[in-house]
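Here the structure is laid out as structure tokens; the discussion comes afterwards.
This is a predicted model, so every value here is computed, not measured.
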Amino acid sequence: MDKKLEIIVKALDDKKAKDIQVLKITDLTSIGDYFVIAGGTSNTHVRSLAEEVEFKLEEAGIEIRGIEGRATGWILLDCYDVLVHIFMPEVRDTYNLERLWGDAEPVDIENWISE
């Protein structure tokens, strides 16, 4: 499994992200290989989650292409082959990427998150 993916999931889990999901989208689109989808409890929490992912990736020497939406309820981190979506609950419910990308293969992240 991709080390970058593990770093992202663990960073989100360490900062208490809600309902972390990873979808393998390799066979469905050319925009990337994985979506990581997570929730925050407030705008501050969403920003903190994004900052933690950015910090942990930079610490590991992994480049981020860009970050969008810092002032909204949805922050997207473009990590080339991994796209990280961090949502406020109501925004996540509105866009429902898990349903929209329902043909994507769920990735088992159980070993990377605490219970």
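- Every residue two or more places apart in sequence or in another chain was checked for a side chain to side chain donor-acceptor pair (under 3.5 Å) with S42, and none qualifies.
- In this structure V22 satisfies the side chain to side chain contact (heavy atoms under 4.5 Å, CB included) test together with L5, V9, Y34, V36, V107, I109, sequence neighbours excluded.
- The two residues P106 and L23 come nearest to each other via the heavy atoms CA-CD2, 4.2 Å.
- In this view, K4 and D81 satisfy the salt bridge (charged side-chain N to carboxylate O under 4.0 Å, His left out) rule, not counting sequence neighbours.
- For N43, the side chain to side chain contact (heavy atoms under 4.5 Å, CB included) partners are R47, M88, not counting sequence neighbours.
- Among residues at least two apart or in separate chains, salt bridge (Lys or Arg N to Asp or Glu O under 4.0 Å) pairs with a member in residues 17-37 are D19-R92.
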Let me have the donor-acceptor pairs involving side chains of residues 50-65, under 3.5 Å, with sequence neighbours excluded, atom names and distances please.
unit_1 : atom_1 : unit_2 : atom_2 : d
E63    : OE2    : Y80    : OH     : 3.1
R65    : NH1    : D78    : OD2    : 3.4

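- Considering only residues two or more places apart in sequence or on other chains, W74 meets the side chain to side chain donor-acceptor pair (under 3.5 Å) condition with H85.
- By the 6.0 Å contact criterion, CD on E68 is open, its count of non-hydrogen atoms from other residues, nucleotides or ligands being 12 or less.
- A donor-acceptor pair under 3.5 Å links the side-chain atoms of T94 to the main chain of E90, judged by distance alone.
- Scanning for side chain to side chain donor-acceptor pair (under 3.5 Å) contacts around K10 gives E6, with sequence neighbours left out.
- Within the structure, ring pair (Phe, Tyr, Trp, His ring centres under 6.0 Å) contacts touching residues 3-27 (residues at least two apart or in different chains) do not occur.
- Counting heavy atoms from C-beta outward, V46 and F87 have side chains that stay 4.5 Å or more apart.
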